[in-house]
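Keep in mind that what you see is a predicted model, and the values were worked out from it rather than measured. Counting from 1, the numbers follow the sequence of the chain as shown.
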Amino acid sequence: MNAWFRSAICAAMSLANLTAWSSPPPPVARHAEDDLIRTLSSPDWHKVDDALDQLHDRYSNSPNATPAIRKLLFNKRVQRKAAHILGEQRATLELDEVKVILGFLRAYDVNEVMDALKILRALQEPDAIVRKIVADILPLLKDPETHVVRDACRTLAVLGNKDTVPFIEPLSKDKRSDVQKDAQDAIARLEKGT
């Protein structure tokens with residue numbers, strides 16, 4: 001009887017765990033997301049920054065905050081974080097929103113430029129906007145910073161087309177072997193059309 005009792009308790013606990021994992025989130029969780037989204041319009045940028053972090057950590061797959069996050073692209077204090085989150089969401093943005101991210105490409109901070117390139121290659125944009133993005137990235141192929149050139153090649157491999165290959169080709173013979181490899185990989189991908 002003791003073994004049967006233990007088996008029954010284990011079965012009940014397993015069923016409870018399965019039920020807990022398959023249940024929709026409680027309404028309180030949704031309310032918390034709504035509160036965080038409302039906080040994004042706060043005049044206190046510290047609160048906005050914190051709300052962005054929490055939305056990203058707790059609700060990263062939820063599209064509910066996307067419209068509010070898109071507006072934050074125009075808030076200088078949090079625009080880079082907003083852009084990063086939108087890139088991770090693979091969002092589709094309007095041209096004026098994309099131009100904000102393209103502005104990061106002209107930063108003096110190498111990390112900011114590289115972040116912008118990663119964000120841009122993650123976005124899902126229509127062809128007309130992609131052509132604008134590609135045109136703004138092409139000058140980075142001549143950047144003195146190796147990491148910027150490499151990330152430019154990687155981003156062009158995703159966003160470019162066969163017409164982009166002639167701009168990348170000189171880098172396939174670059175004296176920096178890592179630049180050569182990224183350029184060759186980009187060319188191969190663009191020539192395949194993938």
Side-chain angles (χ1 to χ4, degrees), residues 36-37 39-40 42 45-161 164 167-168 171 174 176 178-187 189-190:
L36 291 170
I37 292 169
T39 303
L40 294 179
S42 170
W45 73 271
H46 292 290
K47 288 182 181 177
V48 173
D49 190 61
D50 183 56
L52 280 171
D53 284 336
Q54 288 188 53
L55 283 165
H56 183 257
D57 293 344
R58 294 167 52 192
Y59 305 101
S60 61
N61 294 326
S62 173
N64 298 323
T66 303
I69 295 171
R70 288 172 65 170
K71 290 177 186 173
L72 293 175
L73 286 171
F74 301 98
N75 180 330
K76 292 266 188 211
R77 295 204 183 245
V78 293
Q79 66 185 175
R80 192 168 162 195
K81 184 178 284 187
H84 177 74
I85 292 170
L86 291 166
E88 285 191 2
Q89 291 179 343
R90 303 188 67 72
T92 301
L93 305 178
E94 298 295 323
L95 181 58
D96 61 332
E97 296 165 331
V98 171
K99 283 182 178 180
V100 170
I101 300 169
L102 290 173
F104 301 158
L105 296 178
R106 293 179 280 289
Y108 293 107
D109 180 357
V110 170
N111 292 322
E112 189 172 337
V113 175
M114 290 172 43
D115 281 350
L117 289 165
K118 291 171 187 168
I119 292 164
L120 290 167
R121 69 178 171 247
L123 296 176
Q124 301 294 310
E125 297 301 324
D127 288 342
I129 293 178
V130 167
R131 284 192 296 276
K132 167 70 175 136
I133 293 169
V134 167
D136 278 28
I137 293 172
L138 289 175
L140 296 177
L141 294 174
K142 296 180 180 178
D143 195 273
E145 173 58 50
T146 299
H147 296 295
V148 169
V149 175
R150 293 181 68 200
D151 259 319
C153 287
R154 292 175 190 149
T155 304
L156 290 170
V158 173
L159 300 177
N161 58 34
T164 314
F167 295 97
I168 302 172
L171 295 172
D174 194 273
R176 299 165 290 186
D178 46 359
V179 170
Q180 275 183 28
K181 178 168 180 4
D182 283 327
Q184 291 164 355
D185 291 347
I187 291 167
R189 182 172 181 172
L190 292 168

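L190 and A157 make their closest contact through CD2-O, 3.7 Å (heavy atoms, listed as atom of the first residue, atom of the second, distance). Closest approach of P144 to R176, counting heavy atoms only: O-NH1, 3.9 Å. Scanning all heavy atoms of the two residues, the minimum distance from L36 to A51 falls at O-CB, 3.7 Å. Annotation for T39 and V48: closest pair O-CG2, 3.6 Å, computed over non-hydrogen atoms. Contact between V100 and F74 at its shortest, heavy atoms only, is CG2-CE2, 3.5 Å. Nearest heavy-atom pair, L123 versus G87, reported as atom, atom and distance to 0.1 Å: CD2-CA, 4.1 Å.
For the atom pair CG (L102) and CD1 (I137), the distance works out to 7.5 Å, reported to the nearest 0.5 Å. Remark: R121 CZ to I133 CD1 distance equals 12.5 Å, nearest 0.5 Å. For the atom pair CG of L120 and NZ of K132, the computed distance is 11.0 Å after rounding to the nearest 0.5 Å. Atoms NZ and CG, on K47 and D50 in that order, are 10.0 Å from each other to the nearest 0.5 Å. Rounded to the nearest 0.5 angstrom, N111 CG and E145 CD are separated by 9.0 Å. L156 CG to I168 CD1: the interatomic distance, rounded to the nearest 0.5 Å, is 5.0 Å.
By the 4.5 Å heavy-atom criterion applied to side chains, E94 and R70 are counted as neighbours. Under the 4.5 Å side-chain criterion, counting only non-hydrogen atoms from C-beta, T164 is in contact with L138. Using a 4.5 Å heavy-atom threshold, the side chains of L140 and T155 count as separate. Residues E125 and T92 form a side-chain contact, since some pair of their non-hydrogen atoms from C-beta on lies under 4.5 Å apart. Counting only heavy atoms from C-beta outward, the side chains of V149 and D174 never approach each other to under 4.5 Å. Side-chain contact between I101 and L93: present, with at least one pair of heavy atoms (C-beta onward) separated by less than 4.5 Å. Put simply, the side chain of D178 reaches to within 4.5 Å of the side chain of T146, judged on heavy atoms. A heavy-atom distance below 4.5 Å is found between the side chains of K81 and D53.
Looking at N64, T66, L40 one by one, the single match for side-chain contact (heavy atoms from CB on, under 4.5 Å) with L55 turns out to be L40.
For the 3.5 Å distance criterion, the side chains of E88 and S60 fail to qualify, holding no donor opposite an acceptor.
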Take D49 and R77, measure what salt bridge (charged side-chain N to carboxylate O under 4.0 Å, His left out) needs, and give me the verdict at the end.
CA-CA 8 Å; D49 190 61; R77 295 204 183 245; over 6 Å; no
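One finds no salt bridge joining R154 and D185 here, because no Lys/Arg side-chain nitrogen approaches an Asp/Glu carboxylate oxygen to under 4.0 Å.
Atom CZ of F167 has 12 or fewer neighbouring heavy atoms from other residues, nucleotides or ligands inside a 6.0 Å radius. Counting non-hydrogen atoms of neighbouring residues, nucleotides and ligands closer than 6.0 angstrom, the NE2 atom of H147 reaches no more than 12 such neighbours.
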